Amino acid sequence: MIRTRCEILSSKKAGAYHSITLVAPEISEKARPGQFIEVAVPEGRRFFLRRPFWIHQVSRRGGWAGTLEFLFDPRGEGTAWLAEIGAHRLLDVIGPLGRGFAYPKDLTACLLVSVGYGAAPLYFLAEELKARGKRVDMAVGAADQEHVFKPIEGKRLAQTISIVTQDGSFGIRGRVMDVVPEMADKSGAEVVYAAGPRELLRDVAAFCRERSLPAQVGIEERMACGLGLCLTCAVPYQRVDGKGFDNVRACVEGPAMNPARILWDRWMGGEPQMVPTPPEGFPVVRSWPG
Amino acid sequence: MIRTRCEILSSKKAGAYHSITLVAPEISEKARPGQFIEVAVPEGRRFFLRRPFWIHQVSRRGGWAGTLEFLFDPRGEGTAWLAEIGAHRLLDVIGPLGRGFAYPKDLTACLLVSVGYGAAPLYFLAEELKARGKRVDMAVGAADQEHVFKPIEGKRLAQTISIVTQDGSFGIRGRVMDVVPEMADKSGAEVVYAAGPRELLRDVAAFCRERSLPAQVGIEERMACGLGLCLTCAVPYQRVDGKGFDNVRACVEGPAMNPARILWDRWMGGEPQMVPTPPEGFPVVRSWPG
Amino acid sequence: MAGVRPTLGVDLNGVRLPTPAMVASGCFGTGRELAGLVDPGKFGGVVSQTVTLKPVKGVATSRMAETPSGLLWTTGLQNPGVEVFLGSVLPGLAEVGIPVFVSVGGTSVEEFVRVTALLQGKRGIAAVEANLSCPDLERGGLPFSSELKPAVEVVGAMSRLSMLPVFAKLTADTPELVEIADACSRAGAHGITLSGPLQGMSIDTRTFRPRLAAGTGWLSGPAIHPVAVAAVFRVARAIPTVPLIGVGGVQEAEDAIELLLAGAWAVQVGTAMFANPQAPLEVAQGILRYLKDKGLVAPGDLRGRVRVGVPERRGGTAGPEGG
Amino acid sequence: MAGVRPTLGVDLNGVRLPTPAMVASGCFGTGRELAGLVDPGKFGGVVSQTVTLKPVKGVATSRMAETPSGLLWTTGLQNPGVEVFLGSVLPGLAEVGIPVFVSVGGTSVEEFVRVTALLQGKRGIAAVEANLSCPDLERGGLPFSSELKPAVEVVGAMSRLSMLPVFAKLTADTPELVEIADACSRAGAHGITLSGPLQGMSIDTRTFRPRLAAGTGWLSGPAIHPVAVAAVFRVARAIPTVPLIGVGGVQEAEDAIELLLAGAWAVQVGTAMFANPQAPLEVAQGILRYLKDKGLVAPGDLRGRVRVGVPERRGGTAGPEGG
Ligand SMILES: Cc1cc2nc3c(=O)[nH]c(=O)nc-3n(C[C@H](O)[C@H](O)[C@H](O)COP(=O)(O)OP(=O)(O)OC[C@H]3O[C@@H](n4cnc5c(N)ncnc54)[C@H](O)[C@@H]3O)c2cc1C
Ligand SMILES: Cc1cc2nc3c(=O)[nH]c(=O)nc-3n(C[C@H](O)[C@H](O)[C@H](O)COP(=O)(O)OP(=O)(O)OC[C@H]3O[C@@H](n4cnc5c(N)ncnc54)[C@H](O)[C@@H]3O)c2cc1C
Ligand SMILES: Cc1cc2nc3c(=O)[nH]c(=O)nc-3n(C[C@H](O)[C@H](O)[C@H](O)COP(=O)(O)O)c2cc1C
Ligand SMILES: Cc1cc2nc3c(=O)[nH]c(=O)nc-3n(C[C@H](O)[C@H](O)[C@H](O)COP(=O)(O)O)c2cc1C
Ligand code: FES
Ligand code: FES
């Protein structure tokens with residue numbers, strides 16, 4: 001992992017998303033699908049944490065060698081700023097970060113399930129899987145047509161692709177999980193990868209458990225550092241020996257994680273749980289009644 | 001006083017300064033020399049107070065009617081930001097603020113003394129004085145040639161002008177106060193106006209007291225609001241009856257003030273004076289030894 | 001509930017505010033400064049600058065410095081003294097036509113009491129706010145609000161004599177906060193204002209001098225907002241029936257709503273006035289829009305509704321999802 | 001004096017740091033994470049995450065939220081417990097080759113003492129830092145640091161048994177701060193670390209939920225810097241001979257220099273690590289440049305040199321103007 005100042009080669013809209021391509025040869029060289037970068041926001045802003053983004057695409061050869069693309073949904077102050085700065089400006093980037101997706105050794109039929117920008121790391125994964133001679137099928141979901149992630153690219157990459165939008169404005173109307181069972185059957189999926197909102201990942205986890213399919217999911221959790229320093233990105237993860245769990249760091253032990261080991265109910269919680277005193281050893285609220 | 005969003009008509013360098021001209025008809029209409037504007041810095045910055053600037057020039061007639069120009073020394077985060085935004089962007093401006101310079105009723109020979117951007121309100125004043133048939137002479141000081149404020153403009157406005165730079169790179173080498181006595185004599189100055197660093201203003205005050213010349217100075221003090229709300233811009237000012245002083249607001253009772261009434265030593269202080277407990281009624285430091 | 005137009009009025013157990021967004025003490029001037037910029041008659045109320053028995057000239061300049069998302073300041077409690085205040089400032093404030101709280105300061109219980117006494121029966125005062133950040137001379141200048149006993153002594157003495165409701169203004173920087181708030185209310189405080197600014201300091205590394213001539217000062221603005229929310233939350237849980245006014249870093253409606261959800265009944269806008277004198281209006285309008293969106297009818301419906309702990313089951317009351 | 005090359009070493013009455021810029025507790029990981037980004041061997045030192053007797057899983061996510069110029073967070077003191085810490089974390093920290101302070105936590109005096117005991121004689125520990133923000137169960141979860149007695153009990157008991165120097169980490173949010181710091185040092189603390197983060201809360205107005213799953217959390221980052229400077233200033237004036245490590249909102253050299261001028265002997269960088277893992281290096285280099293500019297020779301020359309009160313006359317010592 002390194003930190004560099006990268007020139008922005010291009011910055012443009014792509015449907016509902018904004019795409020930025022950086023000149024980042026050292027990061028591109030090492031990047032694997034499922035890894036991410038942390039992008040600094042500029043000095044003098046009232047927020048100062050970096051923003052994490054999936055590495056969507058890297059070019060290691062050809063005219064674009066050494067470039068890296070990421071896409072995002074401009075939703076808050078940080079992404080709004082990123083959507084505005086133009087080409088040729090410099091971004092302070094750390095990457096590649098985290099543990100990427102593992103490639104299956106023996107199995108060959110891979111089903112990639114995503115919603116929204118979750119497709120970003122999975123398209124990258126699809127390239128790598130295909131390069132390793134695997135079969136790739138994709139289920140791509142989104143709220144509406146605008147949010148369907150690079151559909152042409154998807155079609156190019158997948159053996160078969162199902163595009164599902166909630167409002168039916170593109171492809172099938174519904175939820176991506178509606179099409180997953182049939183696709184798994186038809187494609188003879190032997191392993192499943194997923195990225196997107198945690199509800200999707202949980203559903204994929206349940207589906208794979210039912211079918212006894214190995215799977216990996218790309219986890220997003222609030223990250224103060226993305227580097228493994230702060231423990232804010234904890235995900236409750238079963239120990240390998242099955243005895244209990246630990247809160248592991250999504251940024252280091254993930255983001256690509258085994259959904260069968262995630263304690264979904266604990267992670268996703270229900271109602272926010274006010275921590276009694278002592279929470280598990282730290283004061284949170286003093287005068288919590290009762 | 002009003003608040004408006006003003007389009008930036010032009011934004012350009014002027015020597016060491018940066019000049020911004022705004023489309024601000026309502027403010028221009030009312031502005032008087034010695035008044036200032038408060039310019040908002042943009043959302044999402046970690047600083048949020050407005051920045052005060054002298055109104056340098058307003059056009060009430062002709063092709064540029066309704067425009068207002070201010071100049072500044074890009075020195076900190078706020079002014080750096082202002083120096084970067086380009087034409088046609090909007091600025092959130094409140095103005096005109098404060099009490100401007102009073103024009104002499106009977107006296108006619110006016111000597112205007114400035115250092116650095118202190119010339120900004122005085123050139124505006126010069127225009128108004130000339131329009132009222134007064135004689136205007138100017139002493140303009142600066143650190144170096146770059147910081148001499150619009151010398152051609154100055155020459156146009158003044159009957160006579162002395163330009164003084166500390167490093168001698170333009171005009172006379174020295175301090176502006178070196179030339180003031182002689183200029184006052186030669187021009188037969190009956191009233192003196194000054195703006196610039198407080199050291200200059202204090203020297204002008206001393207000079208005018210000695211010569212029994214009426215004077216007005218444009219005061220700069222740290223201003224949290226510029227509107228008269230916060231009392232941070234206090235200047236110790238002798239009461240009219242001569243009995244003691246009050247800390248008056250430079251932003252409302254000034255910035256144009258009578259130097260003879262300012263308690264210079266108290267205002268400019270010497271060493272910072274840690275306030276004992278109680279300061280004059282507020283806790284500042286608890287464990288101040290002694 | 002849909003169809004009912006929300007209103008902005010707030011009833012602080014008898015003290016009625018037209019909107020929940022007041023201006024905090026020390027951030028309003030005399031009522032005349034804003035002419036042309038905004039109609040303060042539409043604000044929820046205003047707290048006067050803190051008034052002491054005798055005039056106070058205040059500390060030397062510089063009196064302010066910017067810090068990250070914060071303002072560090074001290075005026076040294078500059079004020080013309082209660083007499084001049086009543087004669088020439090209060091009438092201007094009263095003319096604005098909104099509830100006026102008079103902030104009372106002092107360095108001894110006696111001073112608080114004497115100033116409070118002089119306010120009784122004066123036209124145009126809706127309530128009194130005790131500025132308990134003032135230094136208690138008997139304890140070497142520690143703020144009255146920092147410990148239970150001195151805070152209660154001041155508030156108790158003021159409440160016993162005052163016909164006007166007394167609000168105790170406390171600061172978050174004491175571990176006893178909840179106990180102090182509770183004790184103040186038992187001692188007769190009508191309500192609590194929370195939180196005053198925090199002590200801070202900034203040093204100019206070029207000159208080795210403090211940026212404030214007085215050395216240290218008070219930190220306010222967005223930087224302290226999370227501290228104010230936590231303080232309001234803690235106090236509101238403990239004494240939910242006591243009117244609580246949240247203050248600290250309110251710039252926009254959302255900041256105010258956080259304080260209301262944490263348990264405040266109303267809010268005050270301080271530092272934000274300086275950059276945006278329309279802030280109390282915008283905050284109130286934003287709250288109104290928010291209430292509409294959520295299908296709620298009054299700011300009070302937000303009070304203390306932050307969702308923590310066991311799921312709330314309050315059948316009938318509109319929930320956060322709007323129904 | 002001109003011509004003497006300044007050095008960065010700091011001597012905390014026997015605990016030597018290569019530079020005055022350490023990493024604060026909970027902001028460094030295990031020593032391996034920064035590989036490729038920066039050489040932590042060039043930092044001034046590091047404080048480990050807080051270690052308790054038993055492993056602590058920590059609170060649910062979300063554990064962080066951004067606030068204006070601040071970070072609100074809580075991990076619930078997640079740590080593997082002292083045993084695992086000694087076995088698998090400490091060796092990694094020690095390998096970095098800079099002074100390692102081990103932060104000790106607990107919910108009772110006994111726990112602090114037992115953890116401290118287990119650290120004795122272990123290789124690679126330069127000092128122990130008592131995290132006194134931990135909740136004192138006997139007082140219903142109030143932080144030990146909030147009152148004199150519990151703070152002194154912990155620090156006294158630790159100091160009596162520890163062969164390693166003990167630093168007491170205090171927080172600014174108590175009016176008794178100066179007395180507590182003084183009492184801790186009398187009770188045997190080798191030094192004081194000041195200030196821990198402040199309690200804060202942030203609420204998502206869309207969902208009515210606290211942004212942190214645990215409800216409230218801790219505020220750190222540039223927002224609290226002025227509070228830390230004031231706290232350091234107050235304590236340093238009272239006990240100038242006790243090593244004082246300043247912490248809170250240090251992003252750049254200038255922030256650190258403010259703390260040094262206020263009276264700190266060294267500083268810790270916390271939250272700034274997350275956006276800029278090079279921060280402790282840049283801070284140290286910036287201090288070096290600053291010393292050169294001012295014609296000073298060591299960080300200690302800045303200590304407490306903020307110019308307040310009567311003009312200093314210390315003939316011979318370089319002044320702020322450089323001589
Ligand atoms: C491993 C990982 C990969 C990601 N990849 C992408 C991507 O490829 N494209 C994309 O659009 N978004 C991605 N996200 C989410 C992205 O980081 C947030 O959208 C972004 O940080 C929002 O910043 P903001 O300032 O615009 O929003 P704000 O809401 O103003 O941000 C406030 C704070 O919340 C954090 N935050 C907000 N949303 C999220 C979120 N969903 N996950 C984690 N932290 C969040 C921000 O980092 C910031 O600290 C990813 C998140 C993670 C953890
Ligand atoms: C009545 C008045 C008129 C002024 N007119 C001009 C002008 O015409 N041209 C010009 O270049 N400058 C003028 N100044 C000074 C100008 O306001 C500051 O240069 C500017 O605020 C610096 O902002 P910054 O963010 O770049 O600097 P920073 O140093 O980052 O500002 C930090 C804080 O200090 C305040 N501050 C910094 N310098 C000054 C100063 N000299 N006076 C008051 N507050 C200050 C800022 O407003 C801000 O709150 C005037 C000041 C006053 C009070
Ligand atoms: C310039 C200024 C002056 C103030 N004067 C007083 C005062 O006289 N009395 C008082 O109780 N609070 C005073 N305050 C504190 C505010 O009322 C408020 O408690 C604090 O600023 C926090 O709110 P904010 O973050 O919205 O500013 C003052 C604040 C500022 C910024
Ligand atoms: C994510 C995070 C975890 C922390 N964990 C601890 C801890 O375990 N023990 C402790 O004493 N302080 C802990 N702190 C507090 C820091 O050591 C420091 O006191 C505080 O963050 C203020 O410094 P800063 O503003 O430079 O971050 C933590 C801070 C952060 C941001
Ligand atoms: S985000 Fe800091 S440890 Fe994962
Ligand atoms: S700057 Fe606020 S009163 Fe003058």
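Computed from a predicted structure; not experimentally measured. Proteins come first, then strands; the chains are lettered A, B, ... in the order of their sequence lines, and each starts at number 1.
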Turns out that what part of B/Ala40 lies under 4.5 Å from chain C's heavy atoms comes down to neither
In this structure, CZ of B/Phe48 is separated from CG of C/Asn276 (nearest 0.5 Å) by 11.5 Å
Between the CG atom in C/Leu34 and the CG atom in B/Leu229, the distance rounded to the nearest 0.5 Å is 5.0 Å
Exercise for review: Taking only Lys NZ, Arg NE, NH1 and NH2, and the carboxylate oxygens of Asp or Glu, determine whether C/Glu33 and B/Arg249 approach each other closer than 4.0 Å.
Suggested key: yes
The interface call for B/Glu43 against chain C, heavy-atom contacts under 4.5 Å, is side chain
Okay, C/Ala35 and chain B: the region with an atom under 4.5 Å from a heavy atom over there is backbone
Checked C/Asn79, C/Leu37, C/Asp136 vs chain B; the most non-hydrogen pairs under 4.5 Å come from C/Leu37
task = Walk me through it: do B/Trp267 and C/Thr61 pass the test side-chain contact (heavy atoms from CB on, under 4.5 Å)?
result = CA-CA 7 Å; B/Trp267 183 45; C/Thr61 50; 3.5 Å; yes
One should read off an interatomic distance between B/Leu231 CG and C/Thr74 OG1, to the nearest 0.5 angstrom, of 11.0 Å
One should read off an interatomic distance between B/Arg46 CZ and C/Thr67 OG1, to the nearest 0.5 angstrom, of 9.5 Å
Here the gap from C/Gln78 atom CD to B/Asn247 atom CG, rounded to the nearest 0.5 Å, amounts to 4.5 Å
Rounding to 0.5 Å, atoms CD (B/Glu77) and CD (C/Glu66) come to a distance of 9.0 Å
